Amino acid sequence: MKKKLLALLLTLTMALSLAACGGGEDAAEEPAGDEGTTNEEAAGGETSGDLINIGFAQVGHESDWRAASTNSAYEVFSEENGYNLSFSDADNDQAVQIQAVRTFIQQGMDYIIIDPITATGWDAVLTECEDAGIPVFIIDRTVDDSDKYVSWVGSDFTTEGKACGEWLKAYAEAKGITEINALVIEGSTGASATIGRTEGFKEVADREGWTILDSQNGDFTEAGGQEVMESYCQSYDGQFNVVICQNDNEAYGAMTAMDAAGVTYGVDGDVIIVSFDSNKPAVQHVLEGNMNATFECNPMAAPFVDEVIKQLEAGETPEKEIYMEESWFAAEDIVSEITVNGEAMPVIHVTQEVLDARPY
Ligand code: GZL
C-alpha cells in the first residue's frame, strides 16, 4: 500500500510539473542529436563538486517510449535541480552499456542509473559499482542475475501481458468472436519487457485455448514491426485475426505492412491490433479506431529515482522495488473493467479528452 501511495503521490507531482511546463512535448532539452551522447562523450563527462553527479546508461533511442524516458531524465536531473547528468546511449548493445557503466565508475559518479537492455549479464559490473561505493538504481527493465542495486523503478511487464489477454477475452466475447488466432510481434530478445509481456499474454492464451500462430522479434522498432508483419502477411494470409505488438512503434510498422497487403485492422477491420506503451500517437490511433487497444508502460521513472536519492541523502532506506501506475486504453466503450491477478482494473475508453490528457 505504501509503495502505491508513494507512486501515486510522485505521479501527481510529475503530472503537475509537466502541466506547468506545458506537458511532455515541452520537456527538457532532447539529448544532443537524436542519438543522445555516445560513451566517448560520457567518458569525457566532467564531474562537478557542488552538484550531484549522476551517470545514466540508457538502452538506446529505439522508440517513442525511449525518447520519453530520456526526456524525463534530462528534465529531472538538471543543473537547476542540483544534478550534473552524464548520459550514455548504448544503441541497444549491452556490451556498450556495460562499458558506459565502467566509464561512470572511472569518472567517480555519485550515483549510476541503468535501464538494462537485457535481464542478465549484470552482476560483474554491479559488483564493480558496489566496490567503488557508487549506489546504482535500475529503472524500467529488470536485472534478474543480481540484486546489487539500491532500488528498481518500473512496470510489471507480466501484468501488462495478462491485462492484454484479459481485455482481448472480454472484447472477443462481447463481439461474438469465438476463435482467436494471434500473431505476436515481440520486443527485443532478452529484455524483461519482452519476457514479461510474452509470458503474461501466453498465460491467458493457453487458459482460453487460443492459437498463437507465431511470435517473432520486432526489436521494439517501427522498422522491425513492419518487417515482421510483412512476413506474417505472406506466411499467414487469411489465417490470423489478432496482432499483438509489444510496443507502439512496432504497431505503426505493422499497420503500414497490413495496409500494403490489403489487410484491414482496427475497430472496423478484420484484424484486432493492440500495442504496449500508450504514447500519445498510439492513443491517437486508438481514438481514431486504427488500433483496438493499448496497454500503458510508464516511461517517467526519473522523478521516482530523484525521490529515492533524496531519501538516501536524508539517511533513509528506500523501497527495493517501486512499481509505477499504469492504465489500459480501448477504442470502444465495450469492456470497462478487467480482472488481473485478482484485482479489478478499469479499461479507459479513449475520448479526445483522454488523449489531450496524455503526458507523453
Ligand atoms: C518497457 C521498455 C520498452 C518499451 C519500448 O518498459 O523497456 O523498451 O515498451 C522500449 O517501447 O523500446
Side-chain angles (χ1 to χ4, degrees), residues 7 11 24 31 34-36 56-73 89-94 97 113-120 122 137-144 152-164 184-201 215 217-226 228 244-254 274-283 285 291 293-305 321-329 358-360:
T11 303
D34 62 2
E35 308 295 308
F56 177 20
Q58 177 62 293
V59 164
H61 50 277
E62 75 285 355
S63 65
D64 296 352
W65 189 100
R66 190 63 54 201
S69 165
T70 296
N71 274 338
S72 175
D89 171 336
D91 196 14
N92 222 28
D93 182 331
Q94 186 188 29
Q97 193 172 39
I113 300 173
I114 303 170
D115 186 334
I117 293 168
T118 54
T120 56
W122 290 101
F137 310 110
I138 305 297
I139 64 169
D140 174 29
R141 300 179 187 176
T142 56
V143 166
D144 295 349
W152 166 82
V153 183
S155 305
D156 185 331
F157 304 118
T158 305
T159 292
E160 291 173 1
K162 289 179 183 177
C164 175
V184 179
I185 303 178
E186 293 181 7
S188 304
T189 302
S192 56
T194 304
I195 295 166
R197 289 168 189 165
T198 301
E199 288 179 355
F201 179 77
S215 192
N217 174 17
D219 230 4
F220 285 135
T221 65
E222 184 166 345
Q226 181 173 342
V228 171
I244 308 291
C245 304
Q246 288 191 350
N247 86 328
D248 296 336
N249 296 80
E250 290 177 344
Y252 308 152
V274 305
S275 77
F276 293 86
D277 285 353
S278 308
N279 287 297
K280 204 158 187 173
V283 178
H285 276 298
M291 284 169 48
T294 181
F295 301 86
E296 183 182 18
C297 181
N298 187 334
M300 306 305 219
F304 295 82
V305 175
E321 294 181 341
I322 301 169
Y323 286 90
M324 298 194 289
E325 296 292 306
E326 296 175 334
S327 303
W328 321 129
F329 302 94
R358 294 299 298 150
Y360 48 82

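Hydrogens, waters and symmetry mates play no part in the numbers below; they use all other heavy atoms, side chains included. No experiment lies behind these values; they were computed from the predicted model shown. Counting convention: from 1, in listed order, for ligands and their atoms alike.
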Show the distances, to 0.1 Å, for all pairs joining an N/O atom of ligand 1 and a protein N/O atom that are shorter than 3.5 Å, listing one pair per line.
residue, atom, partner, partner atom, Å
ligand 1, 6 (O), Asp140, OD1, 2.2
ligand 1, 7 (O), Arg66, NH2, 3.1
ligand 1, 7 (O), Asp140, OD1, 3.2
ligand 1, 7 (O), Asp140, OD2, 2.6
ligand 1, 7 (O), Arg141, NE, 2.7
ligand 1, 8 (O), Arg66, NH2, 2.9
ligand 1, 8 (O), Arg141, NH2, 2.9
ligand 1, 9 (O), Arg197, NH1, 2.8
ligand 1, 9 (O), Arg197, NH2, 3.2
ligand 1, 9 (O), Asp277, OD1, 2.6
ligand 1, 9 (O), Asp277, OD2, 3.4
ligand 1, 11 (O), Ser63, OG, 3.0
ligand 1, 11 (O), Asn247, ND2, 2.9
ligand 1, 11 (O), Asp277, OD2, 2.5
ligand 1, 12 (O), Glu62, OE2, 2.4
ligand 1, 12 (O), Ser63, OG, 3.0

Asn92 vs Asp219 side-chain heavy atoms within contact, under 4.5 Å:
yes
Would you say that Pro281 contacts Asp248 through its side chain, given a criterion of any heavy-atom pair below 4.5 Å between the two side chains?
no
Of all residues at least two apart in sequence or in a different chain, which pass the salt bridge (charged side-chain N to carboxylate O under 4.0 Å, His left out) check with Glu186?
none
Can you check whether Cys297 reaches Arg197 side chain to side chain, under 4.5 Å on heavy atoms?
yes
Is the closest side-chain heavy-atom distance between Ile185 and Gln246 below 4.5 Å?
no
Heavy-atom side-chain contact between Phe137 and Val153 under 4.5 Å
no
